[in-house]
Amino acid sequence: MLRILDRYILRETLPLIFLSLLVFTFVLMIPPIMQVAEALIAKGVDSWTVAKLMFTLIPQGLGVTIPMAVLIGLLMGLGRMSTDREMVALQACGVGIYRLLRPVLFLASMAAIVTCYTLIEALPDANQAFRDITYRTLAARAEDEVKARVFDEGLPGLVLYVNEVDIQGTGWSNVFLADTRGNGPPQIYISQEGRILLDQDSRQVDILLTSGAFHQVEPTNAATYNINRFDEVVLRLDPDTIFPEGGPQRGLTEMRIGELQAQANEMETHGISPHNPIMEIHQKFSIPLACLVFALIALALGVTNRKEGKLASFALGIGVIFAYYIIMFGAKAMAKGLLEQGEK
């Protein structure tokens with residue numbers, strides 16, 4: 001049961017925590033959001049799809065910014081109370097610093113739970129949603145942007161001409177395709193049907209042509225002209241020419257704990273050090289615990305008799321955040337370096 005003092009501290013600090021969270025998340029996510037949005041808009045993707053993709057990027061930032069917001073919000077809230085001598089009044093009434101631990105630890109515990117959920121559940125789901133929407137949207141546009149009876153050079157190194165485009169999105173008919181990606185003469189494909197194939201898991205983009213012929217001039221003898229018929233042929237494309245660069249791949253940070261543990265076991269079976277997935281598992285819990293550490297630091301630094309206001313508390317909090325994350329990521333990099341040297 002929250003008492004009057006608990007509710008008062010929550011009322012003073014919660015708005016500042018949410019404001020800090022909004023600012024930190026916005027600043028941290030601006031570079032990846034702008035990069036992805038620019039690539040998508042350049043390809044003609046509609047604004048609603050771009051907005052959905054931007055929303056799926058938010059959990060990437062929340063996993064880091066929630067502990068930061070807890071520290072800054074508590075520092076500014078408690079610092080304001082210290083500046084107005086409210087802390088002096090509380091101490092005069094017999095309220096010690098240990099009594100203030102209850103609302104502070106309550107806030108920190110809630111933030112730790114949210115951060116833990118973000119890193120373990122929300123982040124893998126959000127990144128998978130990003131991949132699905134990006135691949136599905138851009139693959140559809142890559143196929144739909146091909147106009148009937150128009151030479152299309154939108155795919156790098158390819159010249160495509162189709163007689164008909166199926167309005168239901170099932171592909172093209174009467175296809176002419178010139179592949180100029182090699183150093184030799186262009187390779188000409190003429191087929192009855194064709195379409196774009198997409199493999200999201202392996203990140204592959206292919207053009208499938210069926211019931212056609214392959215025409216090629218012999219490089220060493222221009223007078224020799226070869227025609228080879230085929231039932232089906234697949235031309236592999238470079239996915240970076242179709243999909244935006246910098247999109248999140250399914251790496252360690254997008255895996256769930258069970259998947260990370262399975263990968264660690266598989267690496268051990270093959271005699272490879274599993275330090276990367278194991279460190280990733282530890283990080284999914286160490287960052288949420290930072291909420292509790294930051295809350296204790298904020299309480300220790302905020303409950304003082306100094307006259308500085310919120311600006312000094314904000315500057316002090318930024319310094320603590322930099323020190324914490326530099327130590328954390330620096331130690332992680334050093335551990336990886338030592339383990340890799342040991343493997344060699």
Side-chain touch [X]/[Y], heavy atoms, less than 4.5 angstrom:
{"X": "Tyr161", "Y": "Val175", "result": "no"}
{"X": "Val233", "Y": "Phe230", "result": "yes"}
{"X": "Lys52", "Y": "Thr56", "result": "no"}
{"X": "Met110", "Y": "Val114", "result": "no"}
{"X": "Gln192", "Y": "Thr210", "result": "no"}
{"X": "Ile188", "Y": "Gln216", "result": "no"}
{"X": "Leu62", "Y": "Leu21", "result": "yes"}
{"X": "Trp172", "Y": "Ile196", "result": "yes"}

Short side-chain to backbone donor-acceptor contact, [X] and [Y], under 3.5 Å:
{"X": "Glu259", "Y": "Arg256", "value": "yes"}
{"X": "Lys284", "Y": "Leu119", "value": "yes"}
{"X": "Thr180", "Y": "Gly157", "value": "yes"}
{"X": "Arg229", "Y": "Ala213", "value": "no"}

[X] versus [Y], closest heavy-atom pair with distance:
{"X": "Ala148", "Y": "Val165", "answer": "N-CG2, 3.8 Å"}
{"X": "Pro67", "Y": "Ala290", "answer": "CB-CB, 4.2 Å"}
{"X": "Pro59", "Y": "Ala126", "answer": "CG-CB, 3.6 Å"}
{"X": "Gly77", "Y": "Leu16", "answer": "N-CD1, 3.4 Å"}
{"X": "Pro274", "Y": "Ala264", "answer": "CB-O, 3.5 Å"}
{"X": "Thr13", "Y": "Leu78", "answer": "CG2-N, 4.5 Å"}

Quiz prompt | Steps toward side chain to side chain contact (heavy atoms under 4.5 Å, CB included) verdict (Leu209, Glu193) | solution = CA-CA 6 Å; Leu209 302 176; Glu193 296 179 349; over 6 Å; no
Quiz item: Less than 4.0 Å between a side-chain N and a carboxylate O, is that true for Arg195 and Asp206?
Solution: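 Salt bridge flag = no for Arg195 with Asp206.
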Practice problem: Could you label the plane-to-plane angle of the Phe151 and Phe176 rings as parallel, tilted or perpendicular, counting under 30° as parallel and over 60° as perpendicular? | Solution: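 The arrangement is perpendicular - the two ring planes meet at more than 60°.
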Does [X] belong to the same Ile/Leu/Val/Met/Phe/Trp/Tyr cluster as [Y], with side-chain heavy atoms less than 4.5 Å apart forming each link?
{"X": "Ile17", "Y": "Ile113", "value": "yes"}
{"X": "Leu107", "Y": "Leu296", "value": "yes"}
{"X": "Phe322", "Y": "Ile287", "value": "yes"}
{"X": "Phe18", "Y": "Tyr117", "value": "no"}
{"X": "Leu235", "Y": "Phe214", "value": "yes"}

Find the distance between [atom1] ([X]) and [atom2] ([Y]) and round it off to the nearest 0.5 Å.
{"X": "Ile58", "Y": "Leu123", "atom1": "CD1", "atom2": "CG", "value": "12.5 Å"}
{"X": "Thr115", "Y": "Ile66", "atom1": "OG1", "atom2": "CD1", "value": "3.5 Å"}
{"X": "Ile207", "Y": "Ser191", "atom1": "CD1", "atom2": "OG", "value": "10.0 Å"}
{"X": "Leu74", "Y": "Ile9", "atom1": "CG", "atom2": "CD1", "value": "9.5 Å"}
{"X": "Arg181", "Y": "Arg236", "atom1": "CZ", "atom2": "CZ", "value": "10.5 Å"}
{"X": "Leu10", "Y": "Glu12", "atom1": "CG", "atom2": "CD", "value": "10.5 Å"}

Quiz item: Could you go step by step and tell me if Leu101 and Leu299 meet the side chain to side chain contact (heavy atoms under 4.5 Å, CB included) rule?
Solution: CA-CA 8 Å; Leu101 274 175; Leu299 181 61; 3.4 Å; yes
Quiz item: Side chains of Thr25 and Thr65: do they bring a donor and an acceptor to under 3.5 Å?
Solution: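 Result is yes, a qualifying pair exists.
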Quiz prompt | Leu158 vs Leu177, side chain to side chain contact (heavy atoms under 4.5 Å, CB included): CA-CA, chis, key distance, verdict | solution = CA-CA 7 Å; Leu158 302 178; Leu177 188 147; 4.0 Å; yes
Practice problem: Can you establish whether the number of heavy atoms outside Glu266 located under 6.0 Å from its atom CD is more than 12? | Solution: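 Result for CD/Glu266: open.
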Self-check item: Within 6.0 angstrom of Asn226 CG, more than 12 heavy atoms from elsewhere
Solution: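 It does: Asn226 CG has more than 12 such atoms within range.
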